[in-house]
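Note sheet for the following structure.
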Amino acid sequence: MESVQRVVVAPHEEIGRVNPYVHGHFAEHLGELVYGGVFVGKNSAIANTNGVRHDVVDALKPLNIPVLRWPGGCFADDYHWRDGIGPQEDRPLRINRHWGMAKEDNSFGTHEFMEFCRALGSDPYFAGNLGSGTPAELRDWVEYCNYDGDSSLANERRSNGAAEPFDIRMWGIGNENWGCGGNMGPRHYAEEFSRYRSFVSNYSDTKVQAIACGQNDNDWEWTRDFFEHLHTRSYGGRLRAVGGFAIHYYCGTAGSATEYTDAQWIELLSKSLAIEGVLDGCRSIMDQFDPGRKIPLICDEWGAWHPVEKGKPTGGLYQQNTVRDACVAALSLDVFHNLADTVQMANIAQLINVLQAVLLVEEEKCIKTPTYHVFDLYQPHKGAQAVRFESLAEEFSDGGEAAQHCRARYLSHKKFALRAAHGSASVRDGQLCVTAVNPHPTETIELEVELHRAQWSGEVETVRLAPDNIRAYNTFDAPDQVKLEAPQQVQPRGGAVHVTLPPGGVARVRGAIG
Ligand code: AHR
């Protein structure tokens with residue numbers, strides 16, 4: 001018999017609104033994400049509109065992706081936007097230095113990306129080039145995209161087919177400028193950020209949000225020095241010009257994408273939960289300079305990073321995606337919901353064929369990964385009011401040595417343990433949505449969802465990702481090994497909802513409350 005594991009949800013104890021952007025995605029010019037994944041060119045035999053694949057748009061549309069970051073990553077600080085506009089045949093051929101010296105023919109540029117965003121209904125988030133660009137280049141890109149009046153740049157946009165401005169609100173001012181984006185120190189970057197920011201203007205009612213490069217991993221010094229520098233040398237409020245601070249956290253790997261022991265399963269899931277410590281720690285430093293939390297904390301790259309699949313180019317970062325990755329996604333999204341007052345955007349890396357992708361695409365085939373199904377399952381949380389979720393489930397592991405190491409780096413102030421159930425909860429229009437993960441590698445649990453000072457009003461809907469194997473994944477030949485089950489209607493028993501969750505299972509419980 002499986003053990004009963006209790007979780008308690010307090011619908012009246014509000015944390016904050018779940019910013020839909022925490023379900024954001026990221027598309028870099030890397031491997032077969034853009035070329036082959038999103039874009040095949042007009043003349044391809046694969047069905048497309050202006051080169052953008054129909055099957056990919058059809059698969060992604062139901063996810064209602066709120067925001068999509070582009071064109072990098074490291075690629076962004078080597079990208080010159082003028083290369084990607086105008087007639088295709090005039091666009092220059094460049095080398096993608098960061099990602100396997102691949103040929104970059106620039107056939108996918110600003111207009112093509114915007115067409116993709118429109119097809120998906122996603123807000124664009126552009127990563128500007130600070131590392132190898134100039135403030136003038138970035139200024140011109142913003143004007144080209146956002147100006148509705150009469151100027152050479154706005155007219156050039158019109159002659160390239162976009163009569164209306166793109167109104168891009170979110171602009172990253174560089175990417176990983178402590179590394180691939182220029183190997184800078186935090187104070188130097190703070191100066192560069194201010195300089196570039198001075199030339200990023202509002203060309204319309206759209207108020208541009210300039211997003212600064214945040215720390216990597218546990219580099220707290222980067223965050224402290226960046227803010228301290230802007231704060232102490234804030235002639236004219238340079239701090240107020242920061243429209244967001246974007247950190248990166250990759251939980252890495254343990255074993256490989258598809259081969260892992262139970263201990264490695266536990267290790268990776270424990271490391272994924274450490275994202276909570278990174279966000280908490282970073283926000284507490286920011287709070288010293290921005291106590292009103294006017295500057296949004298963002299995590300614009302996160303996810304699992306496994307060794308590249310055998311037979312694939314090393315520069316392409318292609319990896320399979322299993323039930324373990326689905327759990328990484330679920331645990332991380334639950335952390336974002338539970339930190340709804342702390343984190344305002346998060347972008348999983350990356351959309352297709354690269355790192356922890358939601359789709360894998362090969363020639364004319366396109367499949368959904370287990371991670372896709374978690375994003376789908378968790379959709380009702382977007383924009384809802386996050387409320388307190390407390391797991392009383394049994395603690396079964398401290399994560400092992402590697403996770404303990406993480407704990408020392410990020411979570412030193414908190415007791416860290418993997419429980420038989422982790423999750424989050426949110427309320428919208430009298431409907432409570434609870435999601436939970438069973439991270440135990442071998443034990444099936446009966447999840448018992450109780451409410452504190454509230455009752456379920458009647459029948460409740462449950463949906464599960466209930467794999468029969470924690471190492472399962474989807475392939476082009478067997479695309480539905482891992483998928484969501486059909487929704488079930490269940491009657492609460494003794495005031496609680498019960499759901500059986502196999503190892504690696506993820507569930508959503510949703511219903512009206514009184
Ligand atoms: O997502 C892959 C790479 O990881 C990005 O280009 C970079 O920003 C990070 O190091």
Side-chain angles (χ1 to χ4, degrees), residues 24-38 65 67-80 94-102 104 108 113 125-133 170-184 186 189 193 211-219 222-223 244-253 257 271-272 275 278 282 298-309 312-321 325 328-329 332 345-360 369 371:
H25 290 258
F26 169 37
E28 179 165 13
H29 286 234
L30 196 178
E32 294 189 352
L33 196 165
V34 169
Y35 298 112
V38 174
I65 290 176
V67 58
L68 188 56
R69 178 173 181 246
W70 173 84
C74 295
F75 179 80
D77 280 292
D78 230 352
Y79 181 64
H80 301 282
R94 308 269 184 219
I95 302 299
N96 190 335
R97 291 187 313 111
H98 290 288
W99 305 116
M101 304 298 274
E104 169 59 68
F108 190 87
F113 177 68
Y125 165 18
F126 278 22
N129 178 346
L130 176 141
S132 71
M170 291 166 282
W171 291 87
I173 311 297
N175 166 78
E176 296 196 347
N177 303 96
W178 36 261
C180 64
N183 287 302
M184 300 172 193
Y189 173 71
F193 172 85
I211 296 170
C213 159
Q215 74 183 56
N216 183 41
D217 206 70
N218 67 338
D219 187 1
W222 176 275
T223 300
F245 188 69
I247 65 165
H248 291 174
Y249 177 72
Y250 286 98
C251 60
T253 189
K271 288 195 294 194
S272 79
I275 199 167
V278 186
C282 192
I298 290 164
C299 179
D300 64 14
E301 290 184 29
W302 66 272
W305 190 320
H306 302 299
V308 173
E309 183 154 298
K312 295 280 185 185
T314 45
L317 306 189
Y318 181 96
Q319 63 191 40
Q320 246 301 353
N321 191 295
D325 298 295
V328 166
S332 305
M345 172 156 63
N347 309 70
I348 188 170
Q350 299 196 9
L351 192 66
I352 305 166
N353 287 343
V354 169
L355 301 178
Q356 194 175 342
V358 290
L359 295 183
L360 296 177
T369 65
T371 295

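Atoms within each ligand, like the ligands themselves, are counted from 1 in listed order.
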Hey, could you give me the CD1/CD distance between I352 and E32, rounded to the nearest 0.5 Å? 11.0 Å
Identity and distance of the protein heavy atom lying nearest atom 6 (O) of ligand 1: E28 OE1, 2.7 Å
Side-chain donor/acceptor of W70 to backbone N/O of A76, under 3.5 Å: no
Check each heavy atom of F26 against ligand 1 and say whether those closer than 4.0 Å belong to the side chain, the backbone, both or neither. side chain
Report the nearest protein non-hydrogen atom to atom 1 (O) of ligand 1: residue, atom name, distance rounded to 0.1 Å. Y250 OH, 2.8 Å
Which residues share a ring-ring contact (aromatic ring centres under 6.0 Å, His included) with Y35, sequence neighbours left out: H29
According to the interplanar angle, ranging from 0 to 90°, do the rings of Y250 and H248 count as parallel (below 30°), tilted (30 to 60°) or perpendicular (above 60°)? perpendicular
In terms of atom number and element, which parts of ligand 1 are under 4.0 angstrom from non-hydrogen atoms of C74? 5 (C), 6 (O), 7 (C), 8 (O)
Between V354 and ligand 1, which part of the residue brings a heavy atom under 4.0 Å of the ligand: side chain, backbone, both or neither? neither
Are any of the heavy atoms in W99 under 4.0 Å away from ligand 1? yes
Which residue owns the protein heavy atom closest to atom 10 (O) of ligand 1, what's the atom, and how far is it? E176 OE1, 2.7 Å
Check ligand 1 against N175 and write out every atom of the ligand that is under 4.0 Å from a heavy-atom position of the residue. 8 (O)
Basic-acidic side-chain contact under 4.0 Å: E301, R69: yes
Going by the rule side-chain contact (heavy atoms from CB on, under 4.5 Å), which residues pair with N218 if we only count those two or more places apart in sequence or in a different chain? W220, R409, Y410
Within 4.0 Å of some non-hydrogen atom of Q350, the atoms of ligand 1 are 1 (O), 2 (C)
If you scan protein heavy atoms around atom 4 (O) of ligand 1, the nearest is E301 OE1, 3.2 Å
What part of H98, side chain from CB on, backbone N/CA/C/O, both or neither, has a heavy atom under 4.0 Å from ligand 1? neither
Working to the nearest 0.5 angstrom, can you tell me the gap between I275 CD1 and S332 OG? 5.0 Å
